[in-house]
Structures are given as C-alpha cells and as structure tokens.
> 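This is the structure I have questions about; it appears just below.
Reminder, nothing fancy here: chain letters follow the sequence lines and each chain counts from 1.
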There are 2 protein chains.
Amino acid sequence: MASDHTRSAILAAAERLYADRGFGDVTLRDIVAEANVNLAAVNYHFGSKDELIAELFVTRSIATNRERLRELKAAEEQGGGRAPIEVILRALVGPTLRGCLGPANQRSTAARFMIRASIESVPPIRRIKNREIDHLRKFAGAMRRALPERSEVDIYWGLNFALAMAHHTIRESERLTKLSEGKCDLDDVEDVVARVVSVATMALTAGKVEAKPRALARDAR
Amino acid sequence: MASDHTRSAILAAAERLYADRGFGDVTLRDIVAEANVNLAAVNYHFGSKDELIAELFVTRSIATNRERLRELKAAEEQGGGRAPIEVILRALVGPTLRGCLGPANQRSTAARFMIRASIESVPPIRRIKNREIDHLRKFAGAMRRALPERSEVDIYWGLNFALAMAHHTIRESERLTKLSEGKCDLDDVEDVVARVVSVATMALTAGKVEAKPRALARDAR
DNA sequence: GATAGTTTCATACAACTGTTTGAATTGCAA
DNA sequence: TTGCAATTCAAACAGTTGTATGAAACTATC
C-alpha cells in the first residue's frame, strides 16, 4: 500500500492540467512532469491513461450524483413522499451549477475539470455518462409523483430541458458573457439556478390549472 | 483549376467518416482511402487537416445561418419590422433542429456531421464557433424589438435557453430516447421545434401581461 | 509537339503517443 | 541485518500521426 503519495499526486496533476488545457493536448508526459513522478507511474498505478481519466471522472461524478440524491431525498421526505416540482428541479440542476459556475478564481479544480468533461467528451468519459440513465430515472420518478396529472412524455421533455439549460449554460458560459457584454452575471450562481428552475417549472406546468399561482421561484428553498 | 474531382471527393469522404466515427479516430489515411486519393492530396488541396475540417464546418455553418436569417428577415418584413417572438425563436432553432433531427435513415450526411461537431468540439471548429456571436446578436436585436418592455438581461437568458434546449436535444437525443423508452419521439421534428419554441417563449414572456393569451405555439408559423 | 503549370503519387520524415521492460531503489517484516 | 515485496526509474518500444519531398503523370497553351 505504501504512501499513496504518487497516486494522488498524479490524480491532482491530471485534474489540474485537464481542467486548464483540455484532454486534447495534455499528454501523460505533461502529467508526470507536473506531478514530479516517473512516466511509468501512471500505468503502474492506474493501468492506462483512459483508466486514469475514468477514475477522475467517476469520482467527481458520483459526488455530484450523491449530492443531487441527498437533496431530492430530503425534499421528498419532508413532503411525505412527494416534493414540489421546483425543489426536485433544484436538486437536479443545483449541485452541477453550483459546482461549475461562480467566480472563476474561487472555482475549484474539480469544477473546472467537470466543465472540461462536459465540453470535450472523450471516449472513457462518454462510456461512463451512458450509465447515468438509471440516476436520471430516479428524478423522472420523483417528477411523476409531483405532477401525477402530467403525461410521461411531458415529464421527460421537462427533465431534458432542465438539464439542457443547466449544461448549456455551463458549457457556453463564456460565450453568454461575451454576447451579453457582461450583463448576464454567471457568477451569481443562485440567480442562474433560479432562472433554470423557473423556466423548467413553467415548461412542466404550463397549460395546467396551478394549485396556487407561484412566484418565480427565485427565492425558493 | 482542372476537374476539382479530388478536392470534392476528399470533402465528401471526410464528412462521411467524421459523421460516422467522430473526429477522434478518423485519420487522414482513413479519409484518403475512403476517397481513393493519395495521402498528399489533403495537404495539397487544403493545406492541413485542420483547414479541411474548418472548411467542412464553415460550409455547413453558413448554410444554416443563412437559412436562419432568411426566416428571420421574412418574418420581420411581414410584421413591419417587428416579428412575434415565437416566430423569431422558430427561425433561431428551427433550421438546426430540422437539419439534425428526424428519421435517422433520411438524415443527411451533412446533418450527422453537424451533430458530431456539436458533440465533439475539436479545436478548429471551436475557433469558428467563437465568431458566431455576431450572428446571434442579430437575433438578440430582433427579440428586443419584439419584446421592448423586457430587460436586456432577460432577452439574453431567453436566447441562451432556447439554444440550450435545441442543442442539448440534438446532442443527447439518443439518451433522451433511451431514458423515455421511446416515448419522446425525436423523429417528429416539428413537435420538437414547437416544444422548444413554446418553452423559450414562456421563459421570455413570463411575469408580463401578455397582449393576448397564446396557445402553445405548436402550430405557429 | 514542346513547354509550362498543375496535380498526383510513393515514400520518407520527424515528432509524438501510450505502454512495456527490467534493473535499481525503497520500505517493511522477520 | 536479511529477505521480499512494492515502488520507482531510465530507457526503449512499437505504433500512429500529420506533413514534406521530389519525381512522375497529366493538361492545356502556344
């Protein structure tokens, strides 16, 4: 077992480099140089480059998913098995947005890595993403419970659009800032979350008689 | 000038291969084999691999942009310089969705190539995408004219969300089909367009007194 | 039909990639 | 200390990549 120092030095260096420069032009030699370890160490500790990338991604990925499910479960328990749709959506997109947006200087390496992973989809990561469906199904279930009168198709479309707005905003945050000449403040994460949740909620409840007219959910939770 | 046959054979072969297998694992040697031309032909006719990719992308890209602007202009002229927001949004997302969705067997190579370009963002393509901002500004302008009482920030967010839903749906169409077990019909393109436009419209008009209560815009245009 | 310009071709190049090897070193238990 | 396994290391390997070269084959013009 030993110190494990080399192993974690590689992980840290790889995450940092991938976050900064993307998967495309970071080689194993760059990583080992940054980590101050020998080239062969990567294959010794991880087996292959792809397995290193996969380990980085799954680690961050299950952390996000756990956070999502924690919020969802708390909300459903509090509501006796049925949570308001806004809160479900917030549990879905909140952790990702909070992880990936916010002031750049205080954005964690982990967050920047996940942004990269979302922009440049590299094979080992794509393989893992495909297994995320089961996770999403749990949210679809919660949403169905929250909106029992809504058709399943509409639920899935709402889920799709919610993820769309969250991921696209992360992925294209730079362009949105430039396009809006800074008027859209991507650093105000809670505002972004509120906007996404609000629009997704409208998408899911439009054309229905609402139990109670809701505010924009800007200050929910 | 000569026949230009080699040049277009390379373009066609490259587009086909990139569309099918992605940028990641298609080499120049694959392309020239598919095109039945010599390896050196690519550098002779295009200068470099990146310039070949760029030419493919800009060609398809300006075609889409032209189509978008044509629809936008037609709508604004018909409305005396101000088009309804639904029509503007339809001009924004319609061409892309129509180009990239629909029954797979009748999906053009060009469309499949653009989907790839949207999934795997490779450097030469990323550079071009960054110049797309001017194009989007024209839509932001039209949207401002359509919704003069709306704040600029809201306009940009609405634009962002509209693009988000369209692009994400294209990019993750496979996953949405799987997640919904086929219940979401991605082949019914006009339904997808209507859904995106409808949600984006709600995002842009919510909280305002609407001139007239609108239907879901499913049959607009 | 010679000439000049364009295009094709086989081949080589140079660089870089992830991975493997086998010896050296380290750390720890007996 | 001795012995053994785990780890590190320098070096090489094998493969692939995009690109360059210079001769050959065309093509059209005069």
> State which residue, out of A:Leu136, A:Leu97, A:Val196, A:Val197, fulfils the side chain to side chain contact (heavy atoms under 4.5 Å, CB included) condition with A:Leu92.
A:Leu136

> Nearest-nucleotide wise, let me know which of B:Arg29 and A:Val42 is further upstream toward the 5' end of DNA chain C.
B:Arg29

> Using Watson-Crick and G-U wobble pairs with both distances under 3.5 Å, what is the 5'-to-3' dot-bracket string of DNA chain D, with [ ] for crossing pairs and | for pairs outside the strand?
||||||||||||||||||||||||||||||

> If the threshold is 4.0 Å, N to carboxylate O, is there a salt bridge linking B:Glu15 and B:Arg60?
yes

> Between A:Arg7 (CZ) and D:dT7 (P), how many Å, whole number?
11 Å

> To the nearest 0.5 Å, how far apart are OG in B:Ser180 and CD1 in A:Ile155?
12.5 Å

> Write down the distance between CG (B:Leu39) and P (D:dT17), rounded to a whole number of angstrom.
11 Å

> Which whole-number value in Å describes the distance from B:Asn43 CG to D:dG22 P?
16 Å

> Do the charged groups of B:Glu34 and B:Arg16 touch, with an N to O distance under 4.0 Å?
yes

> Could you state the atom-to-atom distance from CG of A:Asp25 to C1' of D:dT17 in whole Å?
15 Å

> Any carboxylate oxygen within less than 4.0 angstrom of a Lys/Arg side-chain nitrogen, looking at A:Glu55 and A:Arg7?
yes

> Expressed as a whole number of angstroms, how long is the span from B:Asp4:CG to D:dA28:P?
13 Å

> Write down the distance between CD1 (A:Ile10) and C1' (D:dC9), rounded to a whole number of angstrom.
13 Å

> Are A:Thr27 and C:dC16 close enough that a side-chain N or O sits under 4.0 Å from OP1 or OP2?
no

> If you compare every side-chain N and O of B:Asn38 against the phosphate oxygens of C:dT7 (OP1, OP2), does one of them come in below 4.0 Å?
no

> Taking B:Arg175 first and then B:Glu172, would you say they form a salt bridge - that is, a charged N and a carboxylate O separated by under 4.0 Å?
yes

> Rounding to an integer number of Å, can you tell me how far B:Tyr44 OH sits from D:dA20 P?
15 Å

> How many whole angstroms separate atom CG of B:Asn36 from atom P of C:dA10?
12 Å

> Please state whether the phosphate of C:dT6, meaning OP1 or OP2, lies under 4.0 angstrom from any side-chain nitrogen or oxygen of B:His45.
no

> List in chain and number order the residues that pass ring pair (Phe, Tyr, Trp, His ring centres under 6.0 Å) with B:Phe57, two or more places apart in sequence or in another chain; answer none if no residue qualifies.
none

> Could you check whether A:Asp154 pairs with B:Arg195 (Lys NZ or Arg NE/NH1/NH2 to Asp/Glu carboxylate O, under 4.0 Å)?
yes

> Tell me which residues in residues 51-59 of chain A put a heavy atom below 4.0 Å from DNA chain D, sorted by number, or none.
none

> Salt bridge or not for A:Glu67 and A:Arg98, using N-O below 4.0 Å?
no

> So what does A:Ala40 touch, heavy atoms closer than 4.0 Å: a base, only the sugar-phosphate, or nothing?
base

